[in-house]
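The structure appears below as structure tokens.
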2 protein chains.
Amino acid sequence: MAQKAEKRRKQILKAAFQAATEKGYESVTLQDIADYADVSKGVTNYYFKNKSDVFTQLFEWITSRIYEKEAASISEQETALKKLEAYIDRVFISPEENKNFYRVYLDFLSQVKNNDSYKEINQKFYENCWSIGREIIQQGLEEEVFEVEDVEQTAISIRCMIDGSLIQWLMRDDDQLHDYYRRTCYESILKILS
Amino acid sequence: MAQKAEKRRKQILKAAFQAATEKGYESVTLQDIADYADVSKGVTNYYFKNKSDVFTQLFEWITSRIYEKEAASISEQETALKKLEAYIDRVFISPEENKNFYRVYLDFLSQVKNNDSYKEINQKFYENCWSIGREIIQQGLEEEVFEVEDVEQTAISIRCMIDGSLIQWLMRDDDQLHDYYRRTCYESILKILS
DNA sequence: CATTTTATACTGACCGGTCAATTTATTTTG
DNA sequence: CAAAATAAATTGACCGGTCAGTATAAAATG
């Protein structure tokens, strides 16, 4: 029963994500979400307090899922350099996935100023990203392959570079450039780490 | 006469900018713009085709103004290093200005996917930014203070770092961190250039 | 049959855009 | 130059439409 409710919740969140991907955060209506989830409008209001509640939970779900996948992909590697490579490969997963995720993520970012819950969720996401950066840097220092003065600052820089690269790629809207930006991002981070 | 019309147009654009700063792109109404401009609701539609037209022109105005100021600030300097410093100082001009501009800019970025005019305007802005980067890099190569393999790629990286840093700073919403992110961004770019 | 879940109908608020009416500025005319 | 005529600019009420949220009805469940 509770499982079925959880399934419905996920179904609605996925529908909201799909709707946001195609229509953009602000113009998604409750009807859109219901349509994508193949249910009626009443269902969304039954499982969620309101529209804002849907998107808050969606934002939380997306960011934690992203972090988990990133963390998983670096834990499979042994050396710092391999971990960094796996991290960037995971971040630049594919044009389609990056487009879907980053479009919605950008929508959320542009809403952070109006919504303290979003701000908090994003802060948590940042902290998770920085912790990945720190882990890679520290291991690289132990292996003596990186030369970094301030670990914290460098971890922050790495995420700036990643987000900046993905956003610029997204804005240029050219799938062919995906690989170019992945390499550019990777090489820049390598320089920052040396 | 045409001058007076131009003045009104600017007045409405400024009002739209102010409204977008405080309420966010999507939730700005024609009434908001009229209120901030201290005119009645009909005026906006008298000087602009529609709401979307207002924002297209606003986006164009903002991005070209930003580029001009950045270009002006580096042209005042002689050496590559001084130019880079002036560039970053200009980009991180002040917490207040950065907040106002980047909030609205982020709103626009999140709309690029739905609006080809926005995409084009932003593309032009990027090209301007890259040209600033190229100029600094090339001079640094001549002065032999930088060591760069691919000028184009490095110019792109520089802007990724700048935008990534400013967005991350903006999301953390802490004026005290403004100087920290300015330094972090500057130092990372220096590493990328060496 | 009682409770939970889903579907449908409805309401009130809001918004973009229109437009007739009014005010203000400019030009024409005697 | 002053009065009349014309044009430009401004106003705000209004309309068609949309949407979030609610209320209520219907169906499924156990």
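Numbers restart at 1 for each chain; the letters A, B, ... are given by sequence-line order, proteins then strands.
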Q. Salt bridge check: are A:K113 and B:D107 linked by an N-O gap of less than 4.0 Å?
A. yes
Q. With a 4.0 Å cut-off, would you call A:E76 and A:K82 a salt bridge?
A. no
Q.
Any N or O donor-acceptor pair under 3.5 Å from the base of C:dG16 to the side chain of B:K41?
A. yes
To the side chain of [X], which of [options] is closest?
X: A:Y47; options: D:dA20, C:dG16, C:dT6; value: C:dT6
X: A:V39; options: C:dT6, C:dA7, C:dT18; value: C:dA7
X: B:T29; options: C:dT4, D:dA20, C:dG16; value: C:dG16
X: B:V43; options: C:dT6, D:dT10, D:dG21; value: D:dT10
X: A:S40; options: C:dG17, C:dA7, D:dG21; value: C:dA7

Q: Measure from the side-chain N and O atoms of A:S157 to the backbone N and O of A:T154, and report whether any donor-acceptor pair falls under 3.5 Å.
A: no
Round to a whole Å and report the spacing from [atom1] of [X] to [atom2] of [N].
X: A:N45; N: D:dA20; atom1: CG; atom2: P; answer: 9 Å
X: B:E26; N: D:dC19; atom1: CD; atom2: C1'; answer: 14 Å
X: A:K51; N: D:dC19; atom1: NZ; atom2: C1'; answer: 8 Å
X: B:I33; N: C:dC15; atom1: CD1; atom2: P; answer: 12 Å
X: A:F48; N: D:dG21; atom1: CZ; atom2: P; answer: 13 Å
X: B:L30; N: D:dA13; atom1: CG; atom2: C1'; answer: 15 Å
X: A:D35; N: D:dT18; atom1: CG; atom2: P; answer: 14 Å
X: B:D38; N: D:dT10; atom1: CG; atom2: P; answer: 13 Å

Q) Does a nitrogen or oxygen in the side chain of B:Y46 sit under 4.0 Å from OP1 or OP2 of D:dT10? A) no
Q) Between the side chains of B:W130 and B:E135, does any donor sit under 3.5 Å from an acceptor? A) no
(Q) Between B:E142 and B:Q138, is there a side-chain donor-acceptor contact under 3.5 Å, judged purely by atom types and distance? (A) no
Q. When we call it a touch if two heavy atoms are under 4.0 Å apart, what does B:V28 touch: a base, just sugar-phosphate, or nothing?
A. sugar-phosphate
